[in-house]
Amino acid sequence: MRAVHSIAVSPPESGAARVEDEAMDLDALRVRIGRVGNAFVMQVIGEVDISTRPLLTSALLDACGLVVPSRSLVLDLSGVTHFGAAGIDAVELAERWCRAERITLNVVVTPRIGFVLGLTDVGRRLRLVDSLVDAFHGNGEATG
């Protein structure tokens with residue numbers, strides 16, 4: 001795993017919000033944590049399974065730790081190519097932590113991941129959206 005630090009954030013209204021603040025890599029998974037307005041955005045790209053779960057869980061807890069209570073975290077899973085049971089577990093951990101800390105958690109999903117999460121209790125408690133832009137309402141703040 002390697003960590004890189006850079007900043008490149010475009011406004012969500014542009015339709016192509018790009019976030020790079022801290023990036024962590026494994027061969028099968030890339031995680032970027034950055035900020036858009038008052039929300040932190042965590043983009044996940046690649047495969048989420050038992051071998052990549054430790055990286056995802058660590059990054060989720062890092063991201064949750066950055067967010068001030070009453071603010072927002074957007075978990076962008078639109079770049080995930082494989083989402084196994086380990087991914088559901090990691091999302092559930094983030095949902096519980098965010099709920100306990102009064103942090104709004106929005107999750108950007110593909111139709112397949114939205115369907116899988118929708119079958120679970122955690123998926124029914126989350127705000128699932130189709131795109132990063134949909135997680136925002138034009139004011140730079142993720143909504144809940």
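- Of all the heavy atoms in Ala94 and Leu105, the pair that sits closest is C-CD2, 4.1 Å.
- Scored by the side chain to side chain donor-acceptor pair (under 3.5 Å) test, Ser78 finds Asp76 as partners (sequence neighbours excluded).
- Contact of the Cys98 side chain with the Leu73 side chain is registered, since non-hydrogen atoms from C-beta on lie closer than 4.5 Å.
- Counting only heavy atoms from C-beta outward, the side chains of Leu77 and Thr110 never approach each other to under 4.5 Å.
- With sequence neighbours excluded, no residue forms a salt bridge (Lys or Arg N to Asp or Glu O under 4.0 Å) with Glu47.
- In this structure Thr120 satisfies the side chain to side chain donor-acceptor pair (under 3.5 Å) test with no other residue, sequence neighbours excluded.
- Side-chain contact between Phe83 and Ile88 is present, with heavy atoms from C-beta onward closer than 4.5 Å.
- Minimum heavy-atom separation, Ile33 to Ala59: CD1-O, 3.6 Å.
- Ala63 and Met42 get closest at one heavy-atom pair: CB-SD, 4.0 Å.
- Residues forming a side chain to side chain donor-acceptor pair (under 3.5 Å) with Arg99 (at least two apart in sequence, or on another chain): Glu95.
- Considering only heavy atoms from C-beta on, Arg53 comes within 4.5 Å of Asp89 through its side chain.
- With a 4.5 Å cut-off on side-chain heavy atoms, Arg35 and Val41 do not count as touching.
- For Arg112, there are no salt bridge (Lys or Arg N to Asp or Glu O under 4.0 Å) partners at least two apart in sequence or on another chain.
- The shortest heavy-atom contact between Val91 and Val122 is O-CG2, 4.3 Å.
- Taken to the nearest 0.5 Å, the CZ atom of Phe40 stands 10.0 Å off from the CD1 atom of Ile103.
- When atom types are taken as modelled, the side chain of Thr52 and the backbone of Asp49 share a donor-acceptor pair closer than 3.5 angstrom.
- Atom CZ of residue Phe136 and atom CG of residue Asn106 lie 8.0 Å apart, to the nearest 0.5 angstrom.
- Within the 4.5 Å cutoff, the side chain of Arg96 has no heavy atoms near those of the Glu101 side chain.
- Side-chain atoms of Asp130 and Val108, non-hydrogen and from C-beta on, never get closer than 4.5 Å to each other.
- Note on Leu75 and Trp97: same hydrophobic cluster, where clusters join Ile, Leu, Val, Met, Phe, Trp and Tyr whose side-chain heavy atoms are under 4.5 Å apart, directly or indirectly.
- In this structure, the side chain to side chain contact (heavy atoms under 4.5 Å, CB included) partners of Leu128, at least two apart in sequence or on a different chain, are Val107, Val109, Leu117, Leu126.
- Between Leu29 and Gly46, the closest heavy-atom pair is CD1-C, 4.3 Å.
- By the 4.5 Å heavy-atom criterion applied to side chains, Arg32 and Ile45 are counted as neighbours.
- Shown here for Ala90 and Thr57, the closest heavy-atom pair between the two residues is CB-OG1, 3.9 Å.
- With respect to Val48, the side chain to side chain contact (heavy atoms under 4.5 Å, CB included) criterion is satisfied by exactly one of Val80, Ile113, Leu55: Val80.
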